[in-house]
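For the numbers below, each heavy atom of this structure counts, side chains included, while hydrogens, waters and symmetry mates do not.
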Amino acid sequence: MDFADKAKILIVDDIDTNLFILQEILSDTYEIEFAHDGMEAVTKLLYAVEKPNLVLLDIMMPIMDGFEVLEFIKSNAALKKIPVIFITAADDERKALSAGAVDYISKPFAPEIVKLRVNNQVELNLYREKLEELVCKKSNELVVTKENFLDTMANLIEYRSLESGEHVYRTRALSNILVTALIKRGVYAEMLIDPDYSLFIRAVPLHDIGKIAIPDNIL
């Protein structure tokens with residue numbers, strides 16, 4: 001699948017000639033943005049409303065070199081998933097890949113090699129993003145299904161125990177108040193937060209589930 005028309009690339013290099021060459025190679029396919037040094041790149045990445053799908057990053061630059069920029073990207077939760085390809089004339093391929101770059105493009109640029117490597121990484125990144133969105137969507141759907149099931153069971157329990165009125169829902173509300181108070185006071189806070197205490201709250205209406213199987217005359 002071709003995602004190229006959706007992709008944005010940030011090219012970081014302190015030499016205008018290199019920026020111009022890469023723009024000529026890639027601008028027909030991608031939206032291009034420039035940064036002339038590492039500090040400008042970091043600033044643009046942090047404040048961009050729409051993050052780039054790929055960063056082409058020179059190594060030898062003033063203020064912040066490419067390795068420092070990459071280290072910053074990998075340490076920032078909002079940026080660390082952006083793939084970075086190093087562009088340099090130096091023979092630093094092993095060091096570049098070890099630092100976390102996904103690929104390495106040597107200078108002088110071979111246009112077809114640049115296009116192929118950029119296309120590969122952009123498509124891989126977009127597939128990953130689509131997959132993460134799909135997993136998140138399915139997870140949310142599963143949560144909603146489980147919550148609907150809990151509500152259905154709670155309604156059934158309520159129907160089998162008419163004398164209690166809104167008992168199961170009051171129990172849920174009171175449990176929420178109790179758990180919140182315990183966490184604020186630090187009592188069992190870690191035990192409650194780590195396993196997601198909201199799950200306990202949602203499951204509270206099931207405490208009377210045994211009533212479903214008890215004959216009416218006994219109830």
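The shortest side-chain heavy-atom distance between P52 and I82 falls under the 4.5 Å cut-off. For the pair Y30 and N119, the minimum side-chain heavy-atom distance is below 4.5 Å.
Across all their heavy atoms, A99 and L70 have their closest contact at O-CD2, 3.6 Å. Considering all non-hydrogen atoms of both residues, L22 and I11 come closest at CD1-CG2, 3.6 Å. Between L46 and K51, the shortest heavy-atom distance links the atoms O-NZ, 3.2 Å. When every heavy atom of T180 is checked against every heavy atom of N176, the shortest pair comes out as OG1-O, 2.8 Å. Nearest heavy atom pair, residue V69 against residue G38, reads CG2-CA, 3.5 Å. When every heavy atom of Y104 is checked against every heavy atom of I85, the shortest pair comes out as N-CG2, 3.9 Å.
Checked by atom type, the side-chain pair N120/R117 shows no donor-acceptor distance below 3.5 Å.
In this structure, the side chain of N76 does not engage the main chain of F72 through any donor-acceptor pair within 3.5 Å. In this structure, E40 contributes its side chain and H36 its backbone to a donor-acceptor pair below 3.5 Å.
With values rounded to the nearest 0.5 angstrom, L182 atom CG is found 11.5 Å from K184 atom NZ. The distance from the CG atom of L10 to the CG atom of N53 is 11.5 Å, given to the nearest 0.5 Å. Expressed to the nearest 0.5 Å, how far CG of L174 lies from CZ of R170 amounts to 8.0 Å. Expressed to the nearest 0.5 Å, how far CG of L134 lies from OG of S139 amounts to 9.0 Å. Taken to the nearest 0.5 Å, the CG atom of L19 stands 9.5 Å off from the CD1 atom of I21. Note that the CG atom of L131 and the CG atom of L126 stand 12.5 Å from one another [nearest 0.5 Å].
Residues I183 and L178 share a hydrophobic cluster, clusters being chains of Ile/Leu/Val/Met/Phe/Trp/Tyr side chains in contact below 4.5 Å. Y47 and L45 end up in the same hydrophobic cluster when Ile, Leu, Val, Met, Phe, Trp and Tyr side chains are linked at under 4.5 Å. Taken together through direct or relayed side-chain contacts under 4.5 Å among Ile, Leu, Val, Met, Phe, Trp and Tyr, L54 and L124 form parts of separate hydrophobic clusters.
In this structure, K81 does not pair ionically with E129, as no charged nitrogen and carboxylate oxygen lie closer than 4.0 Å. A salt bridge links R128 and E132; the closest N-O separation between the charged side-chain nitrogens and carboxylate oxygens is under 4.0 Å. Under the 4.0 Å criterion applied to side-chain N and carboxylate O atoms, K74 and E71 are not assigned as salt-bridge partners. Using a cutoff of 4.0 Å between basic side-chain nitrogens and carboxylate oxygens, E33 and K8 are scored as salt-bridged.
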Quiz prompt | Full working for side-chain contact (heavy atoms from CB on, under 4.5 Å) between L26 and I32 | solution = CA-CA 8 Å; L26 299 170; I32 304 296; 3.9 Å; yes

Quiz item: Run the side-chain contact (heavy atoms from CB on, under 4.5 Å) check on V84 and Q121 step by step: do they pass?
Solution: CA-CA 9 Å; V84 175; Q121 294 303 327; over 6 Å; no

Quiz prompt | Residues N18, F109; criterion side-chain contact (heavy atoms from CB on, under 4.5 Å); working and verdict | solution = CA-CA 9 Å; N18 292 331; F109 303 120; 3.9 Å; yes

Using residues 56-68 as the side-chain source, report each donor-acceptor pair under 3.5 Å to any protein atom, sequence neighbours left out, with the distance given to one decimal.
unit_1: D58; atom_1: OD1; unit_2: K107; atom_2: NZ; d: 3.2
unit_1: D65; atom_1: OD1; unit_2: F67; atom_2: N; d: 3.0
unit_1: D65; atom_1: OD1; unit_2: E68; atom_2: N; d: 2.8
unit_1: E68; atom_1: OE1; unit_2: D65; atom_2: N; d: 2.9

